[in-house]
There are 2 protein chains.
Amino acid sequence: MARKPQQERSKATMQAIVEAGFISLQTHGLAQTTTRHIADIAGVGVGSLYEYFPNKEAVFKAMNAHLTTEIVAMVRALMPSLVRLEIRPMVIRLLGHFRELLNRNDGRYLKYAGFSMHAERSRQLEAIQQLLVELIMQYALHNPQLTRLRNLPVMSYIFIHGSVFTIIRHLSEPNSNISFEQLSEGLAEMIASYAEAELAKLDAAPRS
Amino acid sequence: MARKPQQERSKATMQAIVEAGFISLQTHGLAQTTTRHIADIAGVGVGSLYEYFPNKEAVFKAMNAHLTTEIVAMVRALMPSLVRLEIRPMVIRLLGHFRELLNRNDGRYLKYAGFSMHAERSRQLEAIQQLLVELIMQYALHNPQLTRLRNLPVMSYIFIHGSVFTIIRHLSEPNSNISFEQLSEGLAEMIASYAEAELAKLDAAPRS
DNA sequence: CTATTGTTCGGATTCAATTCGGAAACGGCA
DNA sequence: TGCCGTTTCCGAATTGAATCCGAACAATAG
């Protein structure tokens, strides 16, 4: 049964289990990440795991929530400075921090992110998507010419999904003759040049 | 043991198992897709499955290979006509066919594609990536001004991954107030406007 | 038609996920 | 401090899926 932790020690246990989930995934891979392994790493019995999580999937969801919280905190902290930058440096800065976060603890979060991309789990990425939509809105408010763009929702969807998945995939791949810097500059260039081209088009034909 | 099929009937069995894998995934979801289910749907005993596939994961790999083969065939057939189009209609046409393929048989392939995005499996997407890189090369050969673009490898990587993941994610989501047409036009616009902007930049400063 | 090789099968085994009935730790209170 | 109700912890027992394996069935060469 999913119990609500009442005492301090049980909160510590929950936390340890979630962290153990990341560690197990990182060091043993998805197939070897059994409830027993997770419990062992967390230093608790298997039964304890089921006191707080109805099943293994719930542990993954908690891991997701944890990572999401960290990402949200990071982006919110960055937002005030991001909105003052040009598009290219804004994107590069954001992606750089994103990478740093994913690489913390020997890539613990990255490993999870790589597994969380599949359909049933990626719905939980929606919080991130919402957050980035908000970032774009804030950015547009600070750069009012962007509010003239008509299909901002569609393009936001594309830029967000395209960037996030591409970045995670790239970071998850050891091979690849493309550096992260090239990738993030490319993404920045792609986004910036779209915005510039679209604005130029609007200037050329103000009333279409 | 992974046996090589010698007789016709065993090939039929393998094929039936792979197809049953798609059907099971589509109708029962990932968790309910057990070896017994797959074997039942294929109309064979569980043991038969293990004659040709060392484990369940191998069935998924075979499904991947099957889908990859179909996609490669489709793109190759399309390639001659694609290289003659402008970028926007080219992208839209390609994505339209991609969608049609994924939606065949009530979305049987799409369901699989949604699950195959995660890290351990998406490495098998490399064949698709290679193919699309080749398409871009062919396209550039037919539109020589594009060969002036310096960072084509990086941008190809971005466009390919960004588009594929974004499309699969969008098609997998029932909700979303964005239509497929808007999405594919957006992707086409993004790619085309980048290429145009970059070429214009090169024209402005021929020797940088 | 029969020996040999290929194919199918499903019962037996193994192991991970989940359950459950207490044991142990805690926190207040007399 | 010693007692009691509550919270937490636990690991043996259960369940079911993945995988193995040897017997039975089918094809086919000679």
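Quick note on labels: first sequence line is chain A, next is B, and so on, each numbered from 1.
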Practice prompt. Please determine, by modelled atom types, if A:S81 and A:R93 share a side-chain donor-acceptor pair under 3.5 angstrom.
Written response: yes
Worksheet item: Among all residues two or more places apart in sequence or in another chain, which pass the side-chain contact (heavy atoms from CB on, under 4.5 Å) test with A:E198?
Response: A:L149, A:Y194, A:K201, B:E189
Worksheet item: Which nucleotide in the list C:dT8, C:dT7, D:dT7 gets nearest to the side chain of A:R9?
Response: D:dT7
Worksheet item: Passes side-chain contact (heavy atoms from CB on, under 4.5 Å), A:E19 versus A:R108? Steps please.
Response: CA-CA 9 Å; A:E19 184 173 359; A:R108 182 178 298 186; 3.2 Å; yes
Worksheet item: If you check every side-chain atom of B:Y52, which of C:dT8, D:dC10, D:dT7 has the closest atom?
Response: C:dT8
Worksheet item: For B:E120, which residues count as a salt bridge (charged side-chain N to carboxylate O under 4.0 Å, His left out) partner, sequence neighbours excluded?
Response: none
Worksheet item: OP1, OP2 of D:dC9 versus side-chain N and O of A:T13: anything below 4.0 Å?
Response: yes
Fill in: Length of the line joining A:Y50:OH and C:dA16:P, which is rounded to integer Å
12 Å
Discussion item. Regarding B:E57 and B:K61, does a basic nitrogen lie under 4.0 Å from an acidic carboxylate oxygen?
Written reply: no
Practice prompt. Please state whether the phosphate of D:dT8, meaning OP1 or OP2, lies under 4.0 angstrom from any side-chain nitrogen or oxygen of A:S10.
Written response: yes
Item to complete: Calculate the interatomic distance between B:K56 atom NZ and C:dA16 atom C1'; express it in whole Å.
Response: 13 Å
Worksheet item: So which of residues 27-47 of chain B are in contact with DNA chain D, with a heavy-atom cut-off of under 4.0 Å?
Response: B:T34, B:T35, B:V46
Discussion item. How many whole angstroms separate atom CZ of A:F53 from atom P of D:dC9?
Written reply: 11 Å
Practice prompt. Provide, to the nearest angstrom, the distance between the CG atom belonging to B:N55 and the P atom belonging to D:dC20.
Written response: 8 Å
Worksheet item: Is A:E134 salt-bridged to A:R76, cutoff N-O under 4.0 Å?
Response: yes
Worksheet item: Just how far, in rounded Å, is P of D:dC25 from CD of B:E51?
Response: 16 Å
